[in-house]
2 protein chains.
Amino acid sequence: MDDQLPQMLRSDARDNRDRVLEAARRLFSEQGLGVPMREIARRAEVGPATLYRRFPTKQALIDAAFTDELRACSGIVRDGCADPDPWRGLSTIVRDITELNATNQGFVDAFVSSYPGAVDFAAHRSGMLRALTGLWRRAQQAGALRPDTVVDDLILMIMAGRGLPPGPPTLRAAAARRFAALILDSLRASPTTGPLPPPARVAHHASTNS
Amino acid sequence: MDDQLPQMLRSDARDNRDRVLEAARRLFSEQGLGVPMREIARRAEVGPATLYRRFPTKQALIDAAFTDELRACSGIVRDGCADPDPWRGLSTIVRDITELNATNQGFVDAFVSSYPGAVDFAAHRSGMLRALTGLWRRAQQAGALRPDTVVDDLILMIMAGRGLPPGPPTLRAAAARRFAALILDSLRASPTTGPLPPPARVAHHASTNS
DNA sequence: ACGTTAACGGACGCCCCCGTCCACTTCGCT
DNA sequence: AGCGAAGTGGACGGGGGCGTCCGTTAACGT
């Protein structure tokens, strides 16, 4: 809650805290939540003890690290729900969240399932869920969204985004765009399907060399 | 080499080997590949050494355990590709694989990414991929499948299936059915969309107790 | 400049998991 | 029944990750 008023820390402490957070954000985004605390400490050029003094547990660090992305996520939903054209708003939400997802490997894990306990997360989630439900209804009333779908379908799709193949960020982003476009086409009521983004070459794990 | 021929094992050894395989299959399916070897041994009422004598490494056990599912997967693809109606064949493949996937938590991981080294896996995969490519072309020529899609899109969707929310088998299966139906609708060329399976209530992780 | 005190980080304990070793047991054959 | 070999399981070593302790360092006030 009080988050220790970082400006009351000694200058070096504040500096180190910032570097830790930055390293955590980068490493979590790149490699998911499995990154060892040691690795983050090393990347921040800090000893493990320092890291643990600012963030008593790994969960605390995860929460702090993803606060920004959480805000971004809330913003995406808010903006999309504010769009007068509900379908356009929904499309934007799906695309942006899917991309956020692909760019930040661990975000969905941190947010939706991984560890319980992050209070802010729960609050944000229920708020977003409520807003999305409203948007969903409006989109269906406008005849843009299939009437036989529910918000849970969206959640399902977002969760499914977790399973997208790993790989370099460029590939991940391409796969995410393609995925989002396909999802949207499956939710659309009218068959007015626009052009798809380029197909994503999925990493076929070239175990047979060649 | 000669370590095969399980019928040449002593009767108790053969018995234990079978129990180990059975336990491995069950636990991997239920909880994914993260299950400790000890747990499998315990479940099979066997010491760790016994387990390791039959399957020198965890990978070996995984390979052996998923041989059946691999065969099932191949069968699904073969049957689907043999269907004179390419769209119906494709639908069946998507539905069945997605369900296989939901039922066997670790299967896709074992097959597509997890560990390299399983020779059989690679062979099966390239064969299935070739067959699927043919089916894909036929479905597109028949006008049932969107012309701007590629086989990689299917792979993408199957991979995405890994991210479906965890939970009791019943929920997982429901989510998988819903997911498969939505995928199929996004790949279909004609807007002749049939009724969807019941929406899957996604586990909202009730962290806020109540 | 200098002492106080917050902050630092290397070293430590703990736990879990993989894979191995060895003294004992059980099967199978005669 | 008896004997040898195959088989078994408890105990062990190695590695890695999380979180903690304590001697040392360096920032801040006077």
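Residue numbers start from 1 in every chain, and the chains themselves are labelled A, B, ... in the order their sequence lines are given, proteins ahead of strands.
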### Task
Check the surroundings of atom CZ in A:R26: do more than 12 heavy atoms from other residues, nucleotides or ligands lie under 6.0 Å from it?
no
### Query
Can you say whether the rings of B:F107 and B:F66 are parallel (under 30°), tilted (30 to 60°) or perpendicular (over 60°)?
tilted
### Task
Let me have a per-nucleotide readout for nucleotides 16-23 of chain D, 5' to 3', with B, S or -, counting only protein heavy atoms under 4.0 Å.
-SBBBB--
### Query
Mapping A:N16 and B:D12 to their closest nucleotides on DNA chain C, which lands nearer the 5' end?
A:N16
### Task
Could you tell me whether the side chain of A:D153 and the main chain of A:V150 form a donor-acceptor pair under 3.5 Å?
yes
### Summary
Here the side-chain hydrogen bond (donor to acceptor under 3.5 Å, both in side chains) pairs for residues 97-107 of chain A, sequence neighbours left out, are A:S29-A:N104, A:Q105-A:R172
### Query
Does OP1 or OP2 of D:dG7 have a side-chain N or O of B:T50 closer than 4.0 Å?
no
### Message
I need the CZ-C1' distance between B:R54 and D:dG7, as an integer number of Å.
### Response
7 Å
### Task
For residues B:C73 and B:I97, report the shortest heavy-atom separation together with the two atoms involved.
SG-CD1, 4.1 Å
### Task
Walk along DNA chain C from 5' to 3' and tell me the first and last nucleotide with an atom closer than 4.0 Å to a non-hydrogen atom of chain A.
C:dA6 to C:dC12
### Message
Between A:R188 (side chain only) and A:W87 (backbone N and O only), is there a donor and an acceptor less than 3.5 Å apart?
### Response
no
### Task
Would you mind checking if A:R178 and B:D152 are paired as a salt bridge, meaning a charged N to carboxylate O distance below 4.0 Å?
no
### Task
Decide, yes or no, whether a salt bridge links B:R42 with B:E39 under the criterion of side-chain N to carboxylate O below 4.0 Å.
yes
